[in-house]
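Read the structure below first, then the notes.
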Amino acid sequence: MSGDAPDGGPGRAADVLVVDIRPEHNRAAEGEIPGSVPVERIVLEWRLDPFGGFRLPGFTAATRVVVVCNEGYASSLAARDLRELGLPLATDLAGGFRGYAAAGLPVRPGPTDAVR
């Protein structure tokens with residue numbers, strides 16, 4: 001889940017996209033997962049619709065999406081919504097960003113501008 005892959009670009013490792021739906025103030029205060037792509041929750045389905053004209057570049061129904069929120073609650077609902085939208089490989093990060101950071105995993109300073 002970390003960093004860039006030669007074939008993936010930011011937020012992508014092979015066919016995995018790590019999407020951070022936390023508000024900007026949380027990302028500024030706590031940091032971000034390296035390589036993650038912040039996407040405003042209000043446009044998540046619009047930007048990740050695998051058949052929509054406004055989806056993220058290079059994104060398809062075969063892309064594995066890992067949604068990250070603060071503690072793993074909102075991301076569970078967002079992943080469910082993405083599966084219903086046509087992304088069978090959508091999931092979320094158990095424990096959210098805070099669980100990830102508490103485990104001592106790498107964090108970069110934030111906030112990165114979110115996809116709107």
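All residue numbers refer to positions in the sequence shown, counting from 1.
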Q.
Just verifying a value: how many Å separate L85 CG and R80 CZ, rounded to the nearest 0.5 Å?
A. 12.5 Å

Q.
Taking A94's backbone N and O only, do any of them form a donor-acceptor pair with Y100's side chain (distance below 3.5 Å, no angle check)?
A. no

(Q) A side-chain contact here means heavy atoms from C-beta on lying under 4.5 Å apart; do E45 and D81 qualify? (A) yes

Q: Report whether L87 and L77 are members of the same hydrophobic cluster (ILVMFWY, side-chain heavy atoms less than 4.5 Å apart, transitive linking).
A: no

Q) Heavy-atom distance under 4.5 Å between the side chains of I21 and V67, does that happen here? A) yes

Q: Provide the closest heavy-atom pair for A114 versus R27 in the form atom of the first, atom of the second, distance.
A: CB-NH2, 3.8 Å

Q: May I ask you to establish whether R22 and F97 are in a cation-pi arrangement, using a distance under 6.0 Å from NZ or CZ to the six-membered ring centre and at most 45° from the ring axis?
A: yes

**Q.** Close side-chain approach of L17 to R64, heavy-atom, < 4.5 Å
**A.** no

Q.
Please identify which of these residues, V65, L82, D49, meets the side chain to side chain contact (heavy atoms under 4.5 Å, CB included) condition with L44.
A. L82

**Q.** Test log, rule side chain to side chain contact (heavy atoms under 4.5 Å, CB included), inputs V68 and S75
**A.** CA-CA 6 Å; V68 178; S75 60; 5.8 Å; no

Q: Ignoring hydrogens and angles, tell me if any N or O in the side chain of R47 forms a donor-acceptor pair with the backbone of V115 under 3.5 Å.
A: no

**Q.** From CG (D20) to CZ (R41), nearest 0.5 Å
**A.** 13.0 Å

Q) Are the side chain of R116 and the backbone of V43 linked by a donor-acceptor contact shorter than 3.5 Å? A) no

Q: Report yes if the side chains of P38 and E32 come closer than 4.5 Å at any heavy-atom pair, otherwise no.
A: yes

Q: Flag the pair L56 / L48 as yes when at least one side-chain heavy-atom distance between them is below 4.5 Å, and no otherwise.
A: yes

Q) How many angstroms lie between CZ in R98 and SG in C69, if you round to the nearest 0.5 Å? A) 9.0 Å

Q. Any idea which heavy atoms bring P34 and P106 closest together, and the distance?
A. CD-O, 3.1 Å

Q.
With a 4.5 Å cut-off on side-chain heavy atoms, are T63 and P50 touching?
A. no

Q) If you take all heavy atoms of V107 and A101, which pair is closest and at what distance? A) CG2-CB, 4.1 Å

Q) Would you say the side-chain atoms of R55 pair up with the backbone N or O of F59, donor to acceptor, closer than 3.5 Å? A) yes

Q.
Do R108 and S36 have side chains that approach each other closer than 4.5 Å (heavy atoms only, starting at C-beta)?
A. yes

Q.
For a 4.5 angstrom cut-off between non-hydrogen side-chain atoms, does V39 reach V37?
A. yes

